[in-house]
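Input: a single structure, listed below in structure tokens.
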Amino acid sequence: MSALQARPPGIEFTPWPPELARQYRQAGYWLDRPLDALLADGLAIAPDATALICGEGQFSYRDMAQAVERLAASLWTRGLRRHDTALVQLPNVAEFYLVFFALLRLGVVPVNALFSHRRHELLAYAAQVRPRLLIADRSHALFADEAFLTVLQQDHPQLGQVLLRGETTGPRSLAQALGSPLPPTWPGDAGPTPADEVAFFQLSGGSTGTPKLIPRTHNDYDYSVRRSAEICRLSPRTRYLCALPAAHNFPLSSPGALGVFHAGGCVALAGSPEPLACFELIERHQLTMTGLVPSAVSLWMQAVQDEPARRHQLQTLSLLQVGGASFAESQARRVTEVLGCRLQQVFGMAEGLVNYTRLDDEEARILGTQGRPMSPADEVQVRDPQGLPLPPGEVGLLATRGPYTFRGYYRSPEHNQRVFDAQGFYCSGDLVRQTAQGDLCVVGRVKDQINRGGEKIAAEEVEDLLLRHVDIRQVGVIAVPDERLGEKSCACFASSRSDLDAPSLRRFLREQGVADYKVPDRFERLPALPLTAVGKIDKQALRALIDKAAPLSQARETP
Ligand code: OOB
């Protein structure tokens, strides 16, 4: 293979039509700047202010910029170049952002896997992007020894570079790469970044067998972050707690950590949304804002109610964003009273469109809706099953396009055919109602997905894994209501073996290396699964059946 063939000219993606791209530029949405300009914005505002807090470690904007440049230079010296791809898996640690910005700086395009992902997900991402670089963490079970690394490198001969957090010395030490002096050969810059190219891949919650990747361009993502920061009125005084997985679109960009860096504020990292640890962080670092999924909000409210004295720890918290899953109005109503802060509802998706209630909206809109699109250029339609627009007030399918909503999943022509219409509208699979004022209320979903406390599970992905079991004839994974998480997953299966039980199926799935949150909470063995007229598993009938059935195996084993 020649050197030219070895490096792709650019990461392929479906571009916006030129006329719309022209309009987005003219309106000032697309600024044709690279995504790492967001960090440069903060650096210009407050170089010596604390940008990032992780455990006992703190970084000023200057410290961050320096570490990012060192890492970029080190990666450049190792031969990484624009349009190479990277597979990154880091927990909520400072290195997550340092790596992200260093890769953007070089034009290396990462997939940021969630820390809960395991072999199944990482292999699926690697197969799609064919990474030249892996950045992972020794504290993750997969990278505690060499076994999985060896498999990855055997399957992916192009994977020439590996950096590991937690490896203290040697060429694979991420810490060393972050701290090493700039090599004399480093040109200081990897050359101009075309901002209409792919900056990184977001992860889709998915509804298909293989997890899909969402190419996000510098222009579209940069705009979504700047506009979000404006709507949430971020400033250098904003002190944001990132308690959801840092790579997720909500805490990354809505306005998330990137919005806070853009505004010159400070981001503090928590390992999880567990209330007591988060409360300590809020108190200790005087944090003013965070974003949570509804199930975490319930835990926070419970923690304050159990121990009212804790409320003083939240004194500085002025804004709580809630999104990612359905938030009951009855819960929303209690937020200000119990936690003492303002509420903002956020209805977004990694594919693009993000809706916010506005900070000065009247109470009824904040409590009773999931907000409205952030951009005047977002086009949102509520459609009937035939694709015809419905009037306000009617429930229908959400279709959208706009300056930061993607135009196609990576290398997925068939799936794209299904979820995009001829005008480039993306059909998210959400059932919504739009009020006369333009606010959206999420009322349900038609996509085959389970929303387990904000964690999205593609039914088909779990079904495909279960069908690998020799004793399973048919399987359908559905959502069942759960008080704590909103939804849990239930796998209904037919098998000739009457002794096939939940523990053995859980064990089987874990052996397939699937993320733990995808392992069904409940298993139901049925004589046969109901089928539709075309012979597919009838999920509606299955849900009705399961509604009536007494749960046989609700208890979830700890992994
Ligand atoms: C966010 O992004 P994803 O990609 O994990 O999930 C998107 C899906 C939506 O299509 C919808 O089904 C559901 O999650 N969702 C909500 C919701 N926010 C998201 N369902 C009901 N109420 C809400 N407020 O989840 C995401 C991305 C950016 C910002 C916020 C959330």
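Predicted model only: the values in this text are computed from it and were never measured. When a ligand or atom number is given, it counts from 1 through the structure's own listing order.
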So, are Glu379 and Arg401 salt-bridged, with charged N and O less than 4.0 Å apart? yes

Provide, to 0.1 Å, the distance between atom 19 (C) of ligand 1 and the closest protein heavy atom, together with that atom's residue and name. Gly348 O, 3.3 Å

Could you see which bit of Ala325 sits under 4.0 Å from ligand 1, with heavy atoms only: side chain, backbone, both or neither? backbone

Determine, using heavy atoms of Gln321 and all atoms of ligand 1, whether some pair is separated by less than 4.0 Å. no

Please determine whether ring pair (Phe, Tyr, Trp, His ring centres under 6.0 Å) holds for the pair Phe100 and Phe200, giving the CA-CA distance in whole Å, both sets of side-chain angles, and the decisive distance to 0.1 Å. CA-CA 9 Å; Phe100 188 59; Phe200 75 110; 5.1 Å; yes

From Gln437, Arg372, Gln344, Gln345, residue fulfilling side chain to side chain donor-acceptor pair (under 3.5 Å) relative to Asp361: Arg372

Among the heavy atoms of Ser254, does any lie under 4.0 Å from an atom of ligand 1? yes

Is Lys518 salt-bridged to Glu455, going by a charged N under 4.0 Å from an acidic O? no

Using a 4.0 Å cut-off to any heavy atom of Ser326, which atoms of ligand 1 qualify? 20 (N), 21 (C), 22 (N)

Give the residue, atom name and distance (to 0.1 Å) of the protein heavy atom nearest atom 18 (N) of ligand 1. Gly324 N, 3.0 Å

Any heavy atom of Ala350 under 4.0 Å from ligand 1? The part involved is both

Salt-bridge criterion met for Asp421 and Arg383 (N-O under 4.0 Å): yes

Residue list, side-chain hydrogen bond (donor to acceptor under 3.5 Å, both in side chains) with Gln89, at least two apart or on another chain: His140

Does Arg365 come within less than 4.0 Å of Asp360, counting only side-chain N to carboxylate O? no

What residue and atom, counting heavy atoms only, is the protein's closest point to atom 9 (C) of ligand 1, and at what distance? Asp430 OD2, 3.4 Å

Using the six-membered ring of Phe13, assess whether NZ or CZ of Arg411 lies under 6.0 Å from its centre and within 45 degrees of the ring axis. no

Mode of Val346 contact toward ligand 1 - side chain, backbone, both, neither (heavy atoms, under 4.0 Å): both

Please work out whether any backbone atom (N, CA, C, O) or any side-chain heavy atom from C-beta onward of Lys456 is under 4.0 Å from ligand 1, and answer side chain, backbone, both or neither. side chain

N/O to N/O below 3.5 Å, does that happen between Arg445 and ligand 1? no

Please work out whether any backbone atom (N, CA, C, O) or any side-chain heavy atom from C-beta onward of Gln370 is under 4.0 Å from ligand 1, and answer side chain, backbone, both or neither. side chain

Are the charged groups of Asp521 and Arg452 less than 4.0 angstrom apart, N to O? yes

Measure His248 to ligand 1 on non-hydrogen atoms and call it side chain, backbone, both or neither using the 4.0 Å cut-off. side chain

